[in-house]
Amino acid sequence: MASPTEASTGPDRLGFAVKVLGRPGLKSNDSRRWQNSPHLKTSVVYLDAIFEYLAETGIRMYRISSEIAPYVTHPDMPQFHGQIEESADELAELGERIRQLDIRVSMHPSQYIVLNSPQERVARSAVADFTHHARFLDSLGAGPEAKIVTHVGGVYGDRPAAMRRFVERYRVLPETVKARLVLENDEISYPVDDIAAIHDECGIPLVFDILHHRVNNPAALDDAAACRRCLATWPEGQTPKVHYSTQRTEARTQPKGDGPRRPAKSGEHDDWIDGGDFVAFLRRLPAARFDVMLEAKQKDLAVLRLREAIEAAGMDRRIW
DNA sequence: CGATGTCAAGGAATC
DNA sequence: GATTCCTTGACATCG
C-alpha cells in the first residue's frame, strides 16, 4: 500500500450481511448446538466458500456473522473459549485470501451486547464480546477499516446518564477494540444527533443508517445532512461506512381472503433496495466517499439487482 | 418427512 | 418480580 492509510482508490463498495442467497448450500457459520461440538474451524471452511462466491460476483464488502465462533464467550462453556487461538493458522490463511480479493469485512454483535447497561455484569460481558470480535479480526490480519458496529444501548429512563455511561466505558476499552468499534444510530432510542453528541465526547466514528434515521429523527435533519454529519467523524484515510435499506411498506404475510391489507411494521427491511431512492441519495452527496452495507432481506441478490439500477442511472459517482 | 419446539445473552412495556 | 414481545433462522426432536 502506497500510503499509511488503506482507503481504496477503486469504486466505493456495496456489500451485504452474513447470509448468502444467490447460491444454495452456502452456510455463514457453524450453528450446531453445543452438544455437537461446533467450532470456528468449521465456520472458516464455510467462509472460504462464501469468499469464493464473492470473488465470482465481484462483491467487495461483507459482514461476517457474529456467531462465527460458537459459544466463544459463553460464561458456562470454557471449553469453547480457545477457538480463535486454536484456529490461528486457518484464520491467517483466510485473511490472506480476503486481502487478495480486496474485500472489506465487518461484524455486528447481537442486540444482547450492551455497553451502556447500568448492570456492571452486562457491560463487562459487552467488553468481553467486543474484545473477542477484535481478536477475531486481528487474527485475520484485517486492516483498520474492518469495523465492529454497535448501538448505544438502552435509555433506562435517563438518556443523558445512559449516554455518559457509553462515553466513559468507550474511553477505557482496550485499544484493539477502540481501533475497530463504530457507533450506529438506532430506530428506537438514539438518533443521529445523539450519537453525534457521543462522538463529540469520545471520538468514536459513526455509521449512518438511513432507515433508522427515517423512523427516528426527532431533530428533523434531512438524509444528506445527517449522513454528512456521520461521515465527518471518520479518521483521515479510512473510508466511512453507511447502512442502507428500504422500508417495507406491506406486511410480508397477509391475511387470507379479501380482508384489509396489513401494513408492515415500521422500520422493517424490505426484500430489495429502491434503486431510484438510492441513486437520488447518492446524488445529494456528490463529493462524498463511503462504502454502503445493504440491509435487504434478499441479501446478495439485492446487491446484484441494485447494480443494475446504478448502471441504468449512468451515475458519475462510482460504487459497485 | 413435515411439524413443532428451542436457542446464552438485554431492554422495555405490562401486570 | 414475572411475563411477553422484539426478530430470525436453523438446528433438533417429535409424531
Side-chain angles (χ1 to χ4, degrees), chain A residues 16-40 42-43 45-47 49-50 63-81 83 107-133 136 148-159 161-163 165-166 169 183-191 194 209 211-212 215-216 243 245 247-248 250-253 262-271 294-302:
Chain A
F16 70 100
V18 183
K19 194 180 163 193
V20 178
L21 298 184
R23 176 163 303 170
L26 290 184
K27 295 184 172 187
S28 48
N29 62 292
D30 186 358
S31 56
R32 292 174 298 169
R33 301 200 185 158
W34 61 266
Q35 292 89 336
N36 295 300
S37 307
H39 200 281
L40 172 57
T42 306
S43 292
V45 173
Y46 294 162
L47 276 184
I50 288 179
R63 180 191 301 164
I64 296 172
S65 169
S66 280
E67 316 296 310
I68 197 73
Y71 303 102
V72 72
T73 57
H74 194 301
D76 303 330
M77 303 201 190
Q79 71 272 32
F80 287 99
H81 292 185
Q83 287 175 84
M107 304 183 87
H108 197 338
S110 84
Q111 61 184 125
Y112 301 108
I113 306 308
V114 185
L115 185 63
N116 82 335
S117 174
Q119 302 180 62
E120 291 294 334
R121 178 186 61 79
V122 173
R124 274 198 306 274
S125 79
V127 174
D129 194 83
F130 291 151
T131 303
H132 134 71
H133 277 82
F136 171 80
I148 302 165
V149 183
T150 192
H151 296 287
V152 182
V155 175
Y156 315 98
D158 186 345
R159 178 178 304 265
M163 290 166 65
R165 272 200 306 279
F166 184 95
R169 292 188 177 140
L183 183 62
E184 177 188 353
N185 60 308
D186 70 58
E187 60 183 357
I188 306 282
S189 305
Y190 293 100
D194 281 342
D209 184 301
L211 177 50
H212 293 166
V215 299
N216 182 19
H243 288 178
S245 51
Q247 188 169 2
R248 185 187 292 283
E250 200 169 75
R252 208 150 25 138
T253 57
R262 187 190 305 141
K265 289 187 269 296
S266 173
E268 200 181 353
H269 293 153
D270 195 64
D271 282 352
L294 300 183
E295 294 180 322
K297 303 256 190 216
Q298 293 294 322
K299 303 290 181 176
D300 51 312
L301 300 178

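Here the structure is a predicted model, which means the values were calculated and not measured. So you know, we letter chains A, B, ... as the sequences are listed, proteins then strands, and number each from 1.
- Only the P atoms considered, dT8(C) is 25 Å distant from dG2(B), to the nearest whole Å.
- Separating the P atom of dT13(C) from that of dA8(B) is a span of 13 Å, rounded to the nearest Å.
- By the 4.5 Å heavy-atom criterion applied to side chains, Leu211(A) and Glu295(A) are not counted as neighbours.
- Between the CE atom of Met77(A) and the C1' atom of dC7(B) there is a distance of 10 Å, rounded to whole Å.
- Tyr156(A) has no side-chain polar atom (N or O) that falls below the 4.0 Å cut-off from OP1 or OP2 of dA12(B).
- When the C1' atom of dG9(C) is taken as reference, atom CG of Asn29(A) falls 10 Å away, rounded to whole Å.
- Asp30(A) has its side chain out of reach of Leu40(A): every pair of non-hydrogen atoms, C-beta onward, lies at least 4.5 Å apart.
- Atom P of dT3(C) sits at a distance of 15 Å from the matching atom of dT6(B), rounded to the whole Å.
- In this entry dT13(C) has dA3(B) as its Watson-Crick or G-U wobble partner, both defining distances falling under 3.5 Å.
- Under the 4.5 Å side-chain criterion, counting only non-hydrogen atoms from C-beta, Phe136(A) is not in contact with Val72(A).
- Rounding to whole angstrom units, CD1 of residue Ile188(A) and C1' of dG11(B) are separated by 11 Å.
- Remark: the Arg33(A) side chain and the dC11(C) base include a donor-acceptor N/O pair separated by less than 3.5 Å.
- If you check every strand for non-hydrogen atoms under 4.0 Å, Gln119(A) touches sugar and phosphate atoms only.
- Using cut-offs of 30° and 60° for the angle between ring planes, the His108(A) and His243(A) rings count as tilted.
- Nucleotide dT7(C) is matched to nothing when pairs are restricted to Watson-Crick or G-U wobble geometry with both distances under 3.5 angstrom.
- Here, dA13(B) and dT7(C) have their P atoms 14 Å apart, quoted to the whole Å.
- Rounded to whole Å, the distance from CH2 on Trp34(A) to P on dA9(B) is 14 Å.
- At dA9(B), none of the side-chain N or O atoms of Ser110(A) fall inside 4.0 Å of OP1 or OP2 (strictly under the cut-off).
- In this structure the side chain of Gln298(A) never reaches within 4.5 angstrom of the side chain of Phe16(A), judged on heavy atoms.
- Comparing dG11(B), dT8(C), dA8(B) by their nearest atom to the side chain of Lys297(A) picks out dT8(C).
- One atom, OH of Tyr112(A), and another, P of dC7(B), lie 12 Å apart when rounded to the nearest Å.
- For the C1' atoms, the distance linking dC6(C) with dA3(B) amounts to 24 Å, nearest Å.
- In terms of phosphate contacts, Tyr71(A) brings a side-chain nitrogen or oxygen within less than 4.0 Å of OP1 or OP2 of dA8(B).
- Distances were taken from every side-chain heavy atom of Gln111(A) (C-beta onward) to each of dG9(C), dC6(C), dA9(B); the shortest belongs to dC6(C).
- Closest to the Ile113(A) side chain, of the nucleotides dG11(B), dA10(C), dA9(B), is dA9(B).
- For the residue pair Ile148(A) and Phe130(A), the shortest heavy atom distance occurs at CD1-O, 3.9 Å.
- Taking only side-chain atoms of Pro75(A), from C-beta outward, the nucleotide of dG10(B), dA9(B), dA8(B) with the closest atom is dA8(B).
- Note that CG of Leu26(A) and CG of Leu47(A) are 10.5 Å apart. Values are rounded to the nearest 0.5 Å.
- Contact between the side-chain N/O atoms of Asn36(A) and the OP1/OP2 oxygens of dA12(C) is found at a separation under 4.0 Å.
- Look at Lys27(A) and you'll find a side-chain N or O under 4.0 angstrom from OP1 or OP2 of dC11(C).
- The NE2 atom of His269(A) sits 14 Å away from the C1' atom of dC6(C) (whole-angstrom rounding).
- Atom pair Lys19(A):NZ and dC11(C):P shows a separation of 11 Å (rounding to whole Å applied).
- Base pairing analysis places dA9(B) opposite nothing; no Watson-Crick or G-U wobble pair with both distances below 3.5 Å involves it.
- Computed from coordinates, the Arg124(A) CZ to dA8(B) P distance equals 21 Å when rounded to whole Å.
- For dA9(B), its base sits under 3.5 Å from the side chain of Glu67(A) at one donor and acceptor pair at least.
- For the OP1/OP2 pair of dA8(B) and a distance below 4.0 Å, the side-chain nitrogens and oxygens of Thr73(A) include no atom meeting the criterion.
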